[in-house]
There are 2 protein chains.
Amino acid sequence: MSNSEHAPRPVAQPLHRQLRDLMMARIDAGEWSPGTYLPPETRLAEEYGVAVGTLRKALLDMAAEGVVVRRQGKGTVVASHDSDAVLFRFFNLRRPDGSTLRPESRVLSRARVRGSAEDTAALGLADGAELVCITRVREAEGAPILYEHILLDAARFSALETQPEILPNTLYQLYQLDMGATVHRAQEALRAVQAKGECARELGVAEGAPLLHIRRVALDYGGAPIELRVSWVNTQSLQYETGV
Amino acid sequence: MSNSEHAPRPVAQPLHRQLRDLMMARIDAGEWSPGTYLPPETRLAEEYGVAVGTLRKALLDMAAEGVVVRRQGKGTVVASHDSDAVLFRFFNLRRPDGSTLRPESRVLSRARVRGSAEDTAALGLADGAELVCITRVREAEGAPILYEHILLDAARFSALETQPEILPNTLYQLYQLDMGATVHRAQEALRAVQAKGECARELGVAEGAPLLHIRRVALDYGGAPIELRVSWVNTQSLQYETGV
DNA sequence: CAGTGGTCTAGACCACCGT
DNA sequence: CGGTGGTCTAGACCACTGC
């Protein structure tokens with residue numbers, strides 16, 4: 001008891017926050033995998049030796065974060081990233097009338113590359129680290145709508161350079177199932193640029209045509225970067241929608 | 001009691017929801033204006049004749065919506081839209097290094113116009129309704145960064161056609177103070193387009209240069225449209241940032 | 001029908017703020 | 001120091017789900 005104050009952050013977390021972290025860890029560890037129903041509130045509270053209200057607060061926080069989904073009469077289920085709703089959580093392109101698109105993907109190349117300083121920094125890696133780069137075109141109803149590079153830490157995602165033979169349209173689901181990397185949120189930077197080179201050719205637009213350029217960093221629960229995605233979108237018959 | 005089901009929404013709202021609506025109404029009515037401290041939880045609960053926990057839930061919901069800000073030891077204060085933080089809540093343009101901009105505005109024209117079908121629809125008005133249209137350029141450090149049209153319901157905002165003499169840089173604050181219209185959220189649609197005409201001249205770019213085109217509808221607490229803003233942004237040295 | 005989460009209550013103690 | 005919101009507890013009843 002000699003120290004009067006200035007304790008070095010005594011990690012005095014509220015109980016509900018500790019509970020949240022404990023349950024989050026069980027989800028990350030795979031004990032409660034996506035789609036699993038958690039035990040009911042009363043049993044969990046008993047297990048952890050806390051009041052139901054306290055455990056409830058932790059679950060509500062997790063629900064607000066989108067980690068779990070709670071439904072009266074059913075239970076609390078770990079959010080899975082395989083439903084269409086979640087699949088399109090980060091896909092903000094819509095037709096001008098507001099209807100959604102169902103894009104398909106055509107992979108152009110998969111390679112191991114040395115990342116630029118900017119790209120490795122975005123992924124939180126050392127300068128010059130090796131990356132896996134997937135280049136693909138996404139099309140809707142036969143017409144190409146975007147061209148993109150997908151960049152990943154080769155140390156973690158090297159398998160993706162060759163496997164699986166056919167990449168699924170929804171890579172985030174693959175990251176979650178095969179690498180245990182769950183994309184929780186994403187940061188994007190948008191600009192208007194001119195089309196050129198392979199990108200212009202693949203999208204079937206003239207050199208110099210205006211394209212929407214999107215640079216997206218996908219992050220996990222803890223805020224650690226998982227993927228960097230650079231896209232060029234033809235917004236002639238599309239728009240990028242967002243709401244605050 | 002003849003109808004067996006399909007009751008027309010029996011408005012059976014939870015108590016905490018009703019409390020939220022009651023308090024929201026007092027804010028909208030100006031009884032609790034932005035910056036005002038609400039009475040403490042215990043007194044409010046007594047006033048409304050509910051348990052503190054129930055009132056607390058209502059206040060927490062309002063805080064989550066950003067309507068009020070709660071601080072331990074101080075109290076619950078109605079959020080005001082005059083701080084820089086809130087001022088830039090809907091301004092998503094940043095420099096590539098992530099630093100923020102402090103744009104200034106130069107008004108080019110103010111007029112009363114007949115709205116296009118698309119524009120009046122976005123504002124929830126009848127086809128052909130009259131609108132006030134403000135055209136301006138926003139500049140940072142002397143360089144123009146965007147050109148925009150601001151469209152408002154003339155029936156409600158006619159004063160803005162001529163007054164005040166000098167429009168403030170931050171219109172949303174003006175809407176709140178003078179028209180009692182508080183912008184709570186906004187929906188945006190983004191596209192890449194080519195510069196042309198007055199827009200290209202004002203931004204100092206060549207005809208055909210790529211610009212980021214933003215169409216934003218600003219909404220109040222109830223989701224009713226307040227303002228339609230159409231902007232053309234030169235993203236040569238800027239980017240539009242967003243995070244999910 | 002049993003079991004789940006949703007709502008509501010009532011009260012205790014703690015951490016923070018300003019005086 | 002008194003007053004605020006933050007945390008935590010304990011228990012009651014309700015509304016929804018699926019069998």
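Naming convention: chains lettered A, B, ... in sequence-line order (proteins, then strands); numbering from 1 in each chain.
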Pair A:R216-A:E148, salt bridge (charged side-chain N to carboxylate O under 4.0 Å, His left out): steps then yes or no: CA-CA 11 Å; A:R216 177 204 291 170; A:E148 67 188 1; over 6 Å; no
Provide, to the nearest angstrom, the distance between the [atom1] atom belonging to [X] and the [atom2] atom belonging to [N].
| X | N | atom1 | atom2 | answer |
| --- | --- | --- | --- | --- |
| B:K57 | D:dG5 | NZ | P | 18 Å |
| A:R71 | D:dC16 | CZ | C1' | 11 Å |
| B:L60 | D:dT4 | CG | C1' | 14 Å |
| B:R43 | D:dG3 | CZ | P | 12 Å |
| A:R70 | D:dC16 | CZ | C1' | 14 Å |

Given DNA chain D, 5'-ward residue of the pair A:G73 and A:T54, judged by closest heavy atom: A:T54
Nearest-nucleotide comparison on DNA chain D, the residue closer to the 5′ end among B:T42 and A:A51: B:T42
Just wondering, more than 12 heavy atoms not from [X] lying within 6.0 Å of its [atom1]?
| X | atom1 | answer |
| --- | --- | --- |
| A:E65 | CD | yes |
| B:E141 | CD | no |
| A:R71 | CZ | no |

Name the nucleic acid region contacted by [X], choosing base, sugar-phosphate or nothing; use a 4.0 angstrom heavy-atom cut-off, strictly under.
| X | answer |
| --- | --- |
| A:T76 | sugar-phosphate |
| A:V52 | nothing |
| B:R56 | base |

Audit row: B:N169, B:R138, side-chain contact (heavy atoms from CB on, under 4.5 Å) steps and yes/no: CA-CA 9 Å; B:N169 192 15; B:R138 304 191 87 173; 2.8 Å; yes
DNA chain C: 5'-most and 3'-most nucleotides touching chain A, 4.0 angstrom heavy-atom criterion: C:dG3 to C:dT7
side-chain contact (heavy atoms from CB on, under 4.5 Å) assessment of B:T182 paired with B:D220: CA-CA 6 Å; B:T182 301; B:D220 67 14; 5.8 Å; no
A:L123 to A:D153 - nearest heavy-atom pair and separation: CD1-N, 4.4 Å
Short side-chain N/O contact from A:K74 to OP1 or OP2 of D:dG18, under 4.0 Å: yes
